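Note sheet for the following structure.
Labels below follow one simple rule: chain letters A, B, ... track the order of the sequence lines, proteins then strands, and each chain is numbered from 1. Being a predicted model, the structure only gives us computed values, none of them experimental. All values below come from the heavy atoms of this structure, side chains included, with hydrogens, waters and symmetry mates left out.
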Amino acid sequence: MDKRFYITTAIDYVNGAPHLGHAYEKVVADVLARARRSLGQPVFFLTGLDEHGQKVQQAAQELGQSPQTYCDGLAVQWGEFVRTLGLSHDDFVRTTDERHRKIVATLLDRLHATGHFYKSAYRGFYSVKEETFLTEKDRNPDGTWDPQWGVVQELVEENWYFRLGEHQAWLIDHIEKHPEFVQPAHRRNEVLGFLRSQKLEDLCISRPASRLSWGIPLPFDPGYVTYVWFDALVNYFSIPAALGDPTAVAALGGTAPAGSRLSAWPADIHLIGKDILKFHAVYWPIMLHALGAPLPKTILVHGWWQKDGAKLSKSTGNVVDPLAIIGEWGLDAFRYYVVRELGIGPDGNWTDEGFRVRYNSELANGLGNLLNRAVNMLNKYRAGVVPAADGTLAVEANAATEKTQSCYLANDPQGALIAAWELVNRANLFVEETKPFHLAKDPNQSARLDSVLYNLVECCRILAVLVQPVMPATADKIFAQLKVCGEPSDWRQSIWGGLAPGHQVGAPIPLFPRKDLVPK
RNA sequence: GCCAGGGUAGCUCAGCGGUAGAGCAGGGGACUCAUAAGCCCUUGGUCGGGAGUUCGAUUCUCCCCCCUGGCACCA
């Protein structure tokens, strides 16, 4: 059983509607997953929902529903969202899944048994109204509390803590020795800077069940539920474990069932937003280390989107609705834009104008028009029949293919698109250089015309393979239009010469119809 | 405040000792297979400000200004 390439997204907290940030992370993960599959690697791609916690419990209460009913409803909505994005995930985790809850309990038990937890009292100021402890930051300069907190009282509460401090040294060492552990590099520097400059404080991992019931009970102390990180982060591990992954099962002290279906752990990529870097680069590896499980290979950190240079915000109405964009422009155009516009790392800026420009110049006029003119000329001059094979552009096509491939493998899907477009531009230029429409008027140039047409259509066929991880439906459309067999989701199809002479292609249909200056 | 990274053409950015480059946007042209697409040519910049090192600085040093990110519970 081959170890699969295991990639995850953060699981989304179900306290609102999905937005551009969620869509971006999922699309990028999907692109990397599809690219690996295309290149012949077995993949396990996991995404899902974080459903426990105070806010969910409260929201359900306000609607007069049980938390589970409330979550089930949201899970339907998020499931549709994921389907709309065309994700190719292999599993979908909900932290309320029994399979997840069981593994979390087992994991907590083991760490408790090996002395990683202790119980301690915490004294602090508690807002009864908001059901939360307040910090000094919440306090007014004059020492009073804002009316929004209602009655504030000093309270002593016992909770369970996870010993983090003893793990600081080896974690620094591990990150220093594994430059790929946190990417991009400046995020790695942030983590190292943080770890070197401050002492890790122990992590509170519980809440009294009287205060928060909607969670996973601590198996060794039923008066408490586990709080956030030992629930949410563990999803990456619990699902492989539940599916019988031998490494994960062994770390929990069990043995994998014979003929287990999955070998995935350790994860190859945890794709996350920059806001949750610390938890993934500090808490999570320490949790796994304490358990004796191998650490994930890479925490891949993406930035945030802005719209028109300002922060996305529901309250100011500065939002991008992915579903509306997809409805208007199509899924592949959306996927293309977010991947092409924003590399993994920096923050990005969504502008409707930028979207339109990329759609028109790169998709419609670039790739779409190339296919259209190539197929059209083959139909017009050769009745749609592929002429004898020719390799005039083979070297350049292979170079673009290799470059695209190495970008995908380097977790750089933006670079992959840039590399693929080198071939789009080369092929469009090739038409101008060779002027097939002139050759067609001169019977003596017939062989020359054959070779030009072969090169053009073959480039289109290869491009379908190169863009497939980002735009799977478009790739299928190109193959369908060329009526070629095989799957564009198989990288081996990108080898030059796949088009068979004598093969009959279909009629030209625009891939990305132009939408000029649609009034908003 | 502390730490890190930046401020280069309208926009996004590359260059990092020898008086500046790309893509897009803007302008012009020849063509016509094509979604009036593609191709060719082209207008734009005292390279944040100041001082210094140097024969010479966008590129090195120092100071200042501004921006972004991080400094533990939001994709």
For Leu511(A), report the nucleic acid contact type (base, sugar-phosphate, nothing); a contact means any heavy atom under 4.0 Å. base
Over all strands shown, is His280(A) touching base, sugar-phosphate only, or nothing at heavy-atom distances under 4.0 angstrom? nothing
Just N and O in the side chain of His186(A): are any of them under 4.0 Å from OP1 or OP2 of G6(B)? no
By the 4.0 Å heavy-atom rule, please label Lys55(A) as base, sugar-phosphate, or nothing. nothing
Within the structure shown, what part of the strands sits under 4.0 Å from Asn365(A) by heavy-atom distance: base, sugar-phosphate, or nothing? sugar-phosphate
Report which part of the nucleic acid Val228(A) touches: base, sugar-phosphate, or nothing (heavy-atom distance under 4.0 Å, all strands). nothing
Under 4.0 Å, counting only non-hydrogen atoms across every strand here, what does Pro513(A) touch: a base, just sugar-phosphate, or nothing? base
Cation-aromatic face contact Lys278(A)/Phe194(A), 6.0 Å, 45 degrees: yes
Distance test, side-chain N/O of Arg514(A) to OP1/OP2 of A37(B), below 4.0 Å: yes
Can you tell me how far P in G45(B) sits from the matching atom in G52(B), rounded to whole Å? 27 Å
Contact class for Leu200(A) (heavy atom, under 4.0 Å): base, sugar-phosphate, or nothing? base
So what does Tyr227(A) hit on the nucleic acid, given a heavy-atom distance under 4.0 Å: a base, only sugar-phosphate, or nothing? base
Report which part of the nucleic acid Ala10(A) touches: base, sugar-phosphate, or nothing (heavy-atom distance under 4.0 Å, all strands). sugar-phosphate
Out of C24(B), C33(B), G69(B), which nucleotide sits closest to the side chain of Arg187(A)? G69(B)
Taking A34(B), U35(B), C74(B) as options, the one with an atom nearest any side-chain atom of Phe279(A) is C74(B)
At under 4.0 Å between heavy atoms, what does Gly193(A) touch on the DNA or RNA strands: base, sugar-phosphate, or nothing? nothing
